[in-house]
Amino acid sequence: DTGVSQNPRHKITKRGQNVTFRCDPISEHNRLYWYRQTLGQGPEFLTYFQNEAQLEKSRLLSDRFSAERPKGSFSTLEIQRTEQGDSAMYLCASSRLRDRGLNTEAFFGQGTRLTVV
Amino acid sequence: QQQVKQSPQSLIVQKGGISIINCAYENTAFDYFPWYQQFPGKGPALLIAIRPDVSEKKEGRFTISFNKSAKQFSLHIMDSQPGDSATYFCAALLSSNTGKLIFGQGTTLQVKP
């Protein structure tokens, strides 16, 4: 499968627990994005990586959220001390930055549905 | 200035009809406008996209119309089918910048048989 892969697909956790999600992008894509989508809304940008460098973080990304992309391959998104308001679909997308500074289309994974109880 | 406004919020169309979804943006620096289709429990899938140097792009039953002066673009689904029932999102990005997508609020389309 050459698409964007996200694991787990679903996660139910108790409030206050830590959770970690993984994203494996399309192999030749050097840009990786995390978005959050709540019910009935469009995805909202959280953060993005170019290779292993995290270059932008949204104000939506509180101190409880941290993302990494070691070696510029897969990425993880960790949420510490989860709150009920963190319940959402967390989407990962990847794209490739071309030589002239233009992006190819972004392809999304299936997402991880987080439910905080 | 970073917003993309999408309408309508929901749409019901008879099979064989034309579905039309509209979007408007403010930031004139946006230079790439994709449409995504999302089924329940799935991630968004790229449907069709346009750059502002063309006024229309057609792929099969899907057409994007782009009006640069009005800062508006729309998706037309011709001969709508029940399998088209999904949520559609317009988006915009600065392709020479971060590649960050700014999404509209989404339109839930139901095509009745």
Side-chain angles (χ1 to χ4, degrees), chain A residues 3-7 9-10 21 23 25-26 29-51 53-61 88-113 115, chain B residues 2-11 21-25 27 29-53 57 59 64 75 86-110:
Chain A
V4 178
S5 177
Q6 290 189 247
N7 288 288
R9 292 290 312 279
H10 304 274
F21 312 139
C23 172
I26 294 172
H29 285 185
N30 50 13
R31 284 187 161 179
L32 186 148
Y33 305 84
W34 286 98
Y35 290 82
R36 181 171 67 188
Q37 185 177 24
T38 53
L39 203 61
Q41 299 296 317
E44 294 177 294
F45 170 81
L46 291 178
T47 188
Y48 107 96
F49 293 83
Q50 185 166 314
N51 300 312
Q54 188 175 17
L55 297 184
E56 185 174 344
K57 293 195 292 186
S58 163
R59 287 171 299 194
L60 293 174
L61 216 63
M89 173 82 88
Y90 289 85
L91 294 163
C92 176
S94 70
S95 67
R96 184 167 61 87
L97 180 64
R98 292 177 173 166
D99 293 339
R100 288 189 299 154
L102 298 178
N103 277 289
T104 61
E105 294 84 355
F107 293 88
F108 283 80
Q110 301 275 44
T112 295
R113 169 74 65 189
T115 303
Chain B
Q2 290 290 320
Q3 283 188 328
V4 176
K5 295 183 179 180
Q6 182 172 348
S7 63
Q9 187 174 2
S10 62
L11 183 60
I21 305 170
N22 301 298
C23 283
Y25 64 97
N27 189 343
F30 288 142
D31 57 2
Y32 179 74
F33 301 89
W35 284 89
Y36 284 83
Q37 179 188 56
Q38 186 176 31
F39 293 102
K42 305 292 185 182
L46 180 65
L47 194 61
I48 186 172
I50 196 168
R51 297 198 183 276
D53 53 348
K57 184 174 181 180
E59 290 183 0
I64 300 178
L75 176 69
T87 300
Y88 293 81
F89 293 96
C90 62
L93 75 77
L94 293 162
S95 66
S96 58
N97 198 335
T98 64
K100 174 176 67 177
L101 286 163
I102 308 298
F103 282 87
Q105 297 87 343
T107 297
T108 301
L109 171 65
Q110 182 183 357

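These figures come from a predicted structure and were not determined experimentally. Naming: A, B, ... by sequence-line order, numbering from 1 per chain.
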Top of A:Pro43, A:Gly42, A:Ala93, A:Gly111 for chain B proximity - count of heavy-atom pairs under 4.5 angstrom: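 Counting heavy-atom pairs under 4.5 Å, the top option is A:Pro43.
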Any side-chain heavy atom of [X] within less than 4.5 Å of one from [Y]?
X        : Y        : value
A:His29  : A:Phe107 : yes
B:Ile102 : B:Asn27  : no
A:Phe21  : A:Gln6   : no
A:Leu46  : A:Tyr90  : yes

Can you tell which part of [X] gets under 4.5 Å to a heavy atom of chain A, answering side chain, backbone, both or neither?
X        : answer
B:Pro44  : both
B:Leu101 : both
B:Gln38  : side chain

Interchain contact, [X] with chain B, by part (heavy-atom threshold 4.5 Å):
X        : answer
A:Gln110 : both
A:Leu91  : side chain
A:Gln50  : neither

For chain A, the option from B:Gly41, B:Gly106, B:Cys90 that forms the most heavy-atom pairs under 4.5 Å: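 Of the candidates given, the most pairs with chain A belong to B:Gly41.
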A:Phe108 and A:Tyr35 aromatic ring geometry - parallel, tilted or perpendicular at 30°/60° bounds: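 Rings of A:Tyr35 and A:Phe108: tilted, as their planes differ by 30° to 60°.
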Whether A:Tyr33 and A:Tyr48 hold their rings parallel, tilted or perpendicular, with breakpoints at 30° and 60°: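 Parallel: the ring planes of A:Tyr33 and A:Tyr48 meet at under 30°.
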